[in-house]
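Below is one structure, written out as structure tokens; the observations come after it.
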Amino acid sequence: MAPPCKVLMVAEKPSIALSIASVLSHGQMSTRRGVTEVHEFDIMFLGFHAHCRVTSVIGHVFSVDFPASYQDWTATDPLNLFQAPILKTESNPKAHIQRHLSQESRGCGYLVLWLDCDREGENICFEVIECTGFHVKEAKERVYRARFSSVTEKDILKAMDNLVEPNKDEALAVDARQEIDLKVGVAFTRFQTSYFQGKYGNLDSRVISYGPCQTPTLGFCVQRYLQITTFKQEKFWTVHPYIIKNGYDLQLEWERQMLFDLNVATMFQKLVMEDGLLEVIDISEKQESKGRPCGLNTVNLLKVASSALGFGPQVAMQLAERLYTQGFISYPRTESTAYPSSFDFKVTLNEQISNPLWGDHVQRLLVEGYQKPRMGTDAGDHPPITPMQSATEDMLAKDAWRLYQYVCQHFIASISPDCKFVRKKVQFKVGGECFHCVGQHVTLEGFTSIMPWLAVNEKRLPQFTIGEKIEVSNVELYEGNTEPPDYLTESELISLMEKNGIGTDASIPVHINNICERNYVQVQSGRKLVPTALGIALIRGYQYIDPDLCLPEIRSFIEHQITLVAKGQADHVRVVQHVLQQFKNKYSYFVKQIENMDVLFEAQFSTLADSGRVFSKCGKCLRYLKYISARPSRLYCGTCEEVYYLPQKGTIKLFKELTCPLDNFELLIISMPGPEGKSFPLCPYCYNSPPFEGIDTLFGGTQSGSSVKPGKGAGMPCSLCPHPTCRHSLVTQGVCACPECSGTLVLDPVSAPKWRLNCNKCNCFVMLPQGAHRIATTQERCSECDSAIIQVDFNKKTTPLEDGATLYVGCILCDELLHSLVEVKHGKSFFKGLGTRGRGRGTRRGGFRGRELPSGKRIDPKMSFRDF
DNA sequence: GCAAGGTC
């Protein structure tokens, strides 16, 4: 008999893979760990006996970016990005999802795609197909798409019986969106950032970003701010008659509400006073009801978390995710507010029956019957967020408990009766004017007893009869001021974003966080979003130059265009080209008009010339450079009008008054934070424009100590410099190969008295004899291993040498005395892995890079710290 | 150093 055929099934996340496998195997599966879990079992598939493997990706496998040649900000005109090629690279290379899929698909004859049923899911389908290699097999007969409307047994089995083809058009729509977002966002961001950071010293944001989601999000906040600042306060007047009836002291409301003219208002007040007798002209009673909430989805949870619990969206999601993984609530990322028909309310209610706060209410619901939940919308993803296991306050941290409590309250409320109340309105006439008062009487608290903050206020009225006349006790002429709106709350912003289709439930928190991190807005008390000078200048600038750039319609425009692709009504390539051409035009116009935004910056920020403090000498003009500490920290020469970027981590000091022999700039010392942080010298000029051709590739591209790469080959500190004679270069200060990486251990010039060598590439370092007066490299080489011979001037009191001698010269690897006095640090895997790490290390060890530059000779691979 | 979208 032929071996059973094998089927690979892939879900979007591990939790769904587990659900699907549990349903299809009836719980009879074996599970093994992998990059993501793999569940295996036998089933009937297309009428055959088959062995089934169910695993998952973790969201998108790939993301798009520009090729390396476009990564250099100074060498690439952002305008060229619009036509640049793009690459798909693994989103999280460390997760090895691609390898995982490729391995698991081996030997499988069929692929079933269980990705979420939205456009992104459809796109991930094709990412998975790519990784598994099914595209080269007869894809149509071998690759199937399972379309499920919820993760329930019923829907999973139904999807299994109705397998379809994956939808290429929908996937291409996502490709289109990715390319458009990348090109537009990156082009504008690079241009703005370079332009403004090249001019101003106190922008306090490392990057002046632009994006089709984040910018309209900021736009909402600034729009409200502008409404507030341009608000013109007006005085208004209103007439309030008072009556006393059956012990009630009532203030009546005027039908005209308010007037903006004092004379006219005073006239009405007089008319009322002169008449002095109110007549009841109408009494109406209406049954009103306040509806219970639908099921809870993510966006609504975030809104409540922000407005009622004071948690920002990101914090709220972190709390929710933890509650989910601990089994206290259901999956917290969902758009749906409709419960699936199979949802078991009794089981969920039963869990809450002994809760001290709402247990009684739950018990009543179970005994008297709970309400059918309101319709809500079913987005086809996960059910609404509901409590799972019961919890008590002492089981959870304070914030988690508050969020859990809300999820429970919301769930219970959603199947509790609506709140019912009677609204009574009594209308009066006096002096020809109409007034009224309103009473409310709650007949059924319903769900508001579990969500008391939504309760309807009880307002009682005395008995009135039509035609009844009542004496006016007093007529007040109230003077008020119109008030501007308040700053936008985070909760309002979330609503606006949702309404305008900006972001998704998962990305809304990210966009809000972005505009905070970029220092465009600040979250103030009550989670109000107050724009900063930077945020305001940006939006006002767009509004002046091209308002489209910050309007929410920019997102809907993109969405609309890619929907044409998704529906198969337009060609993917042509749509992308068309949209990019429009944005390219907008970009060119924006660049041409940037001075109109710049005037707003000029008014708020100080130019580089006026920023920073006098620091070190420029090698070109010999005047002082200014150190600008605002991120990105840099030096600025006012005379040459040049900017020199610096490493963004660590503190910076002058290195004595030493200068670089190549360009005459004064040298600086960068000290990394922390007790074990290393220090290294750099020349500001060389750091930004390495003097030796090919220096950036010489060291394998990764350089230590620099998190900023402003220009081509930038980020060269002295510890990477191949200068043959300078006292601070790699060549003269390098001692031997790093035991951990392909870097070189270089003497730290300011580490005395805790002398040390630092690797110029990784975090590894070596402690040298402590307390020595002086340690220096010499030009001598060890005859055995070719390390630099070092000279140690020991302290008289602590010298290990006989007869109190202090001077000693030797190789730290081969000389027994020195060897016994040094110690490798931060070599995490160094000691453990020695025996098994032989393969591949020899070649790296042989590459005593830097040291081989002047002499050009290869070095014996045994030279290293392996003998420690 | 850049976007927005998945998910952890």
Side-chain angles (χ1 to χ4, degrees), chain A residues 11-17 35-36 56-66 70-74 76 78 81 84 86 88 90-92 94-95 97 115-116 118-125 127-128 171 173-194 196-197 203 205-217 298 314 317-318 320-322 324-325 331-333 381-382 497 501-511 513-515 517-518 554-555 558-559 562 583 631-634 645 647-648 706-711 714-715:
Chain A
E12 191 157 320
K13 42 190 166 275
S15 63
I16 302 240
V35 167
T36 54
S56 75
V57 293
I58 309 169
H60 273 288
V61 184
F62 300 108
S63 52
V64 289
D65 203 350
F66 295 108
Y70 290 83
Q71 297 292 357
D72 188 323
W73 286 44
T74 50
T76 309
L81 294 174
I86 53 165
K88 281 205 174 197
E90 237 182 317
S91 302
N92 183 359
K94 284 183 195 155
I97 298 289
L115 290 120
D116 292 0
D118 51 23
R119 272 185 208 165
E120 298 297 330
E122 219 60 32
N123 187 268
I124 303 174
C125 282
E127 297 185 341
V128 170
V174 171
D175 282 345
R177 197 216 69 236
Q178 290 176 340
E179 183 168 354
I180 294 165
D181 284 346
L182 174 75
K183 290 185 169 177
V184 173
V186 174
F188 276 90
T189 299
R190 284 193 192 172
F191 169 69
Q192 293 183 162
T193 304
S194 309
F196 290 117
Q197 277 183 354
L203 286 179
S205 178
R206 269 184 74 138
V207 56
I208 317 292
S209 57
Y210 175 86
C213 284
Q214 58 173 272
T215 303
T217 302
T298 307
Q314 293 220 308
M317 281 318 287
Q318 280 163 13
E321 256 151 35
R322 202 164 315 142
Y324 162 66
T325 49
Y331 191 71
R333 265 180 302 218
D381 49 357
H382 296 266
M497 293 174 76
I502 308 289
T504 64
D505 51 355
S507 70
I508 282 173
V510 180
H511 299 312
N513 199 48
N514 267 340
I515 61 171
E517 270 193 348
R518 305 277 153 82
I554 204 141
R555 192 71 197 152
I558 297 175
E559 288 293 331
I562 65 162
F583 274 104
R631 292 198 132 201
S633 58
R634 63 217 122 130
Y645 287 89
Q648 296 302 302
S706 68
S707 57
V708 70
K709 278 185 84 179

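Here is how names work: the chains are called A, B, and so on, in the same order as the sequence lines, proteins then strands, and each is numbered from 1.
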B:dC8 phosphate, OP1 or OP2, under 4.0 Å from A:R333 side-chain N/O: yes
Shortest side-chain distance from A:R190, nucleotide among B:dT7, B:dC2, B:dG5: B:dC2
Sugar-phosphate, base or nothing in reach of A:G121, heavy atoms under 4.0 Å: nothing
Length of the line joining A:Y324:OH and B:dC8:P, which is rounded to integer Å: 7 Å
Closest listed nucleotide, where the reference is the side chain of A:H60 and the choices are B:dG6, B:dA4, B:dT7: B:dG6
Sugar-phosphate only, base, or nothing, as touched by A:T193 at under 4.0 Å among non-hydrogen atoms: base
ring centroid sep under 5.5 Å plus plane angle under 30, A:W73 with B:dG1: yes
Below 4.0 Å: OP1/OP2 of B:dG6 and any side-chain N or O of A:T504: yes
Backbone of A:E12 reached by a side-chain donor or acceptor of A:S56 within 3.5 Å: no
A:E122 CD to B:dG5 P, straight-line distance once rounded to whole Å: 18 Å
Side chain of A:V64 - closest among B:dG5, B:dG6, B:dA3: B:dA3
Carboxylate-amine/guanidinium proximity below 4.0 Å for A:R190 and A:D72: no
Length of the line joining A:I554:CD1 and B:dA3:C1', which is rounded to integer Å: 13 Å
Touch class at under 4.0 angstrom, heavy-atom based, for A:F188 against every strand present: nothing
Aromatic ring pairing A:Y331/A:Y324, orientation class (parallel under 30°, perpendicular over 60°, tilted between): perpendicular
Sugar-phosphate, base or nothing in reach of A:F191, heavy atoms under 4.0 Å: nothing
Length of the line joining A:E90:CD and B:dG6:C1', which is rounded to integer Å: 14 Å
base_contact_polar (B:dG6 base, A:E127 side chain, donor-acceptor, <3.5 Å): no
Touch class at under 4.0 angstrom, heavy-atom based, for A:E321 against every strand present: sugar-phosphate
Distance, rounded to the nearest Å, where A:I97 contributes CD1 and B:dG5 contributes P: 21 Å
Atom-pair distance (CD on A:Q178; C1' on B:dA3), nearest Å: 11 Å
DNA chain B: 5'-proximal contact among A:D505 and A:D65 (nearest heavy atom): A:D65
Phosphate contact (B:dG1 OP1 or OP2) by A:Q648 side-chain N/O below 4.0 Å: no
Below 4.0 Å: OP1/OP2 of B:dA3 and any side-chain N or O of A:H511: no
Nucleotide of B:dA4, B:dG6, B:dC8 approaching A:P14 most closely (side-chain heavy atoms): B:dC8
From B:dT7, B:dG5, B:dG1, nucleotide with atom closest to A:R555 side chain: B:dG5
Donor-acceptor pair, side chain of A:T215 and main chain of A:P212, under 3.5 angstrom: no
Check: A:V174 main-chain N/O paired with A:E120 side-chain donor or acceptor under 3.5 Å: no
A:L203 CG - B:dG1 C1' separation (whole Å): 14 Å
Candidates B:dC8, B:dC2, B:dA4 - which lies nearest the side chain of A:P212: B:dA4
From B:dC2, B:dT7, B:dA4, nucleotide with atom closest to A:A506 side chain: B:dT7
B:dC2 OP1/OP2 closer than 4.0 Å to side-chain N/O of A:S209: no
Any A:R518 side-chain N or O less than 4.0 Å from OP1/OP2 of B:dA3: yes
A:F66 backbone acceptor or donor facing A:Q71 side chain under 3.5 Å: yes
Distance in angstrom units between A:N123 CG and B:dG5 P, rounded: 13 Å
side-chain N/O A:Y331 vs B:dC8 OP1/OP2, d < 4.0 Å: yes
Which residue lies more 5' along DNA chain B, comparing A:S194 with A:V510 via nearest heavy atoms: A:S194
Sugar-phosphate only, base, or nothing, as touched by A:D116 at under 4.0 Å among non-hydrogen atoms: sugar-phosphate
Given B:dG6, B:dC8, B:dA4, the nucleotide with the shortest approach to the side chain of A:D181: B:dA4
Main-chain N/O of A:V510 paired to A:S507 side chain as donor or acceptor, under 3.5 Å: no
